[in-house]
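Quick note: numbers below take in every heavy atom, side chains included, and nothing from hydrogens, waters or symmetry partners. Note that the coordinates shown come from a computational prediction; the quantities given were computed from them, not determined experimentally.
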Protein chains: 2
Amino acid sequence: MKKELTDLRLGVDNVIFSVDAQFNRLFVLLVKREQLPYKDYWGLPGTIVRQEESLEDAAYRILSEKIQLKNLYLEQLYTFSNRDQDSQVLYLSVSHFALLRYEETMLIGQNASWHSLLELPKLAFNHREILNYGYKRLRNKLEYSPIAFEVLPELFTLNNLYQLYCTILGENFSDYSNFRSRLLKFGFLTDSGTKAYVGIGRPATLYRFDPDAFAPLKDYPLLFV
Amino acid sequence: MKKELTDLRLGVDNVIFSVDAQFNRLFVLLVKREQLPYKDYWGLPGTIVRQEESLEDAAYRILSEKIQLKNLYLEQLYTFSNRDQDSQVLYLSVSHFALLRYEETMLIGQNASWHSLLELPKLAFNHREILNYGYKRLRNKLEYSPIAFEVLPELFTLNNLYQLYCTILGENFSDYSNFRSRLLKFGFLTDSGTKAYVGIGRPATLYRFDPDAFAPLKDYPLLFV
DNA sequence: ACAAAAGTGTTGACCATACACCCATGC
DNA sequence: GCATGGGTGTATGGTCAACACTTTTGT
């Protein structure tokens, strides 16, 4: 019996993205480590799984210490494992992923902050690898699922939507006018009847995402890009 | 310190598919359990991770006890977790996935066998859920990656390829002649110069998959279907 | 009137579908 | 010759990228 068991440390690490819709910036949540190893390095918010917790419990717990959560849905990414050569302890990290609204997310405490993906510090452990994996998943979800509408306000303009896609996928992923017609043709964006007046220029139609109209499409591999 | 640790049982479970190219059948590898719980039920080949093993080691070890492995590449699927309400032990199952050639795979021992997906017995634990997850991944990989060529013989006809897709994705996923031209247009199938003479009818051209010609395409989301 | 931003339309190239049809072989 | 399966071609309709154009606002 003893032979079959192994010394384990089970942890969770979270790759939490947020999009600043106003200034078109993509952020990831990092925490400054206060303990060894990698003291004073930045890393992903993670923790050891405690007695009586599930994996998801642990992931939500550590996040709730760093940011205010509401309606946060975590998705499992991948399980990274690594056995320490000296101690023979097997370290397991089950990583999770989420996308939030930057404007609605309050940070708690001093040691957590949003970092642009364009200027990342050196990260602790293999967190850079986990982050890259999460970023790949983010872009993938944006193309194949309606994740964008979870992070936009209830009413949004097509330009808001387009900017969000640009921020995550990069400029020139698609022509704006073609993006418009493709999205409108799907039929799950309904005209709210109101307009967005923002200074000079023609006011933009405010749309609303209609989950019921989207539902029948959800099993098809429709491309948003 | 004690408070942070949790009673853990770490296991791996494998969803191993094989395709019988000759008779167009898709199989999954199941093992008849000899111990409690779920004694005499069929289940996925899995094991507890031992001292000094990595996750992958354990996955390959249990498979090597059931089938002859050669060039088997396992891909991680998902980590299922479940805490026992009575003992408070946290059970973790890191599942893996692979696709093999039925014709080249020798089973070892009496308690492992191939089962058609169309007539599955009741499975132990949550193995039905894991299997469904793996099946979804299999179909997905077939559409977006050249996994089919790992499982076909070195020389194959376009009809062999088409039959393989039919077996996994179901009939009528695409017209045969359109499937032909789409695949040939990619340019990574090279005419071997030889023909397959199988009884009556015009002999079919034998093709070979060219990894070098495929390489530049690998980062594009090309659709095989 | 003019600039700015939203929104529409047009064009040509490409691609998918559903077939019809031709080709090479065994009997 | 003819059945059988391999392989090619084609007409239609749709989709996509690029870009020109029109509309509605503030100043």
For nucleotides 9-14 of chain D, which of its nitrogen or oxygen atoms have a protein nitrogen or oxygen under 3.5 Å away, and what is each distance?
from: D:dG9; atom 1: O6; to: B:S177; atom 2: OG; distance (Å): 3.2

*Does a side chain donor of either B:T157 or B:N159 reach within less than 3.5 Å of an acceptor in the other side chain?*
no

*Is the shortest heavy-atom distance from the side chain of A:L92 to the side chain of B:L55 under 4.5 Å?*
yes

*Within the structure, does a side-chain N or O atom of B:R180 lie under 4.0 Å from either OP1 or OP2 of D:dG6?*
no

*Rounded off to whole Å, could you give me the CD-to-P distance for the B:Q163 and D:dG5 pair?*
11 Å

*Provide, to the nearest angstrom, the distance between the CG atom belonging to A:N160 and the C1' atom belonging to C:dG7.*
15 Å

*For B:N140 and B:K136, what are the C-alpha separation, side-chain angles and deciding distance, and is it a side chain to side chain contact (heavy atoms under 4.5 Å, CB included)?*
CA-CA 6 Å; B:N140 216 48; B:K136 215 191 294 177; over 6 Å; no

*Starting at CG of A:N159 and ending at P of C:dT8, how long is that distance when rounded to a whole Å?*
14 Å

*Fit a plane to each ring of A:F188 and A:F214, take the angle between them on a 0 to 90° scale, and name the class: parallel (under 30°), tilted (30 to 60°) or perpendicular (over 60°).*
perpendicular

*asked:* Using a 6.0 Å distance limit plus a 45 degree cone around the ring axis, check whether B:R139 lies over the aromatic ring of B:Y135.
replied: yes

*Calculate the interatomic distance between B:L184 atom CG and C:dC15 atom P; express it in whole Å.*
15 Å

*Value in whole Å for how far the P atom of D:dT15 lies from CZ of B:R182*: 16 Å

_Interatomic distance, B:L183 CG vs C:dA16 C1' [rounded to whole Å]_ = 14 Å

*asked:* Output the rounded distance in Å from CG (A:L158) to C1' (C:dT8).
replied: 13 Å

*Separation of atom CG in A:L161 from atom C1' in C:dA5, rounded to whole Å*: 17 Å

*Step-by-step side chain to side chain contact (heavy atoms under 4.5 Å, CB included) determination, A:V49 to A:V94*: CA-CA 10 Å; A:V49 177; A:V94 182; over 6 Å; no

*asked:* Less than 3.5 Å apart, any donor N or O on the side chain of A:T205 or A:D191 sitting next to an acceptor on the other?
replied: no

*asked:* Does atom NZ (B:K195) have a neighbourhood of more than 12 heavy atoms from anything else shown, all under 6.0 Å?
replied: yes

_Please give me every residue in residues 193-203 of chain B whose heavy atoms get under 4.0 Å of an atom in DNA chain D, ordered by residue number._
B:I200, B:G201, B:R202, B:P203

*Please list, chain by chain and in numerical order, all residues satisfying ring pair (Phe, Tyr, Trp, His ring centres under 6.0 Å) with A:Y162, sequence neighbours excluded.*
A:F173, A:Y176, A:F179

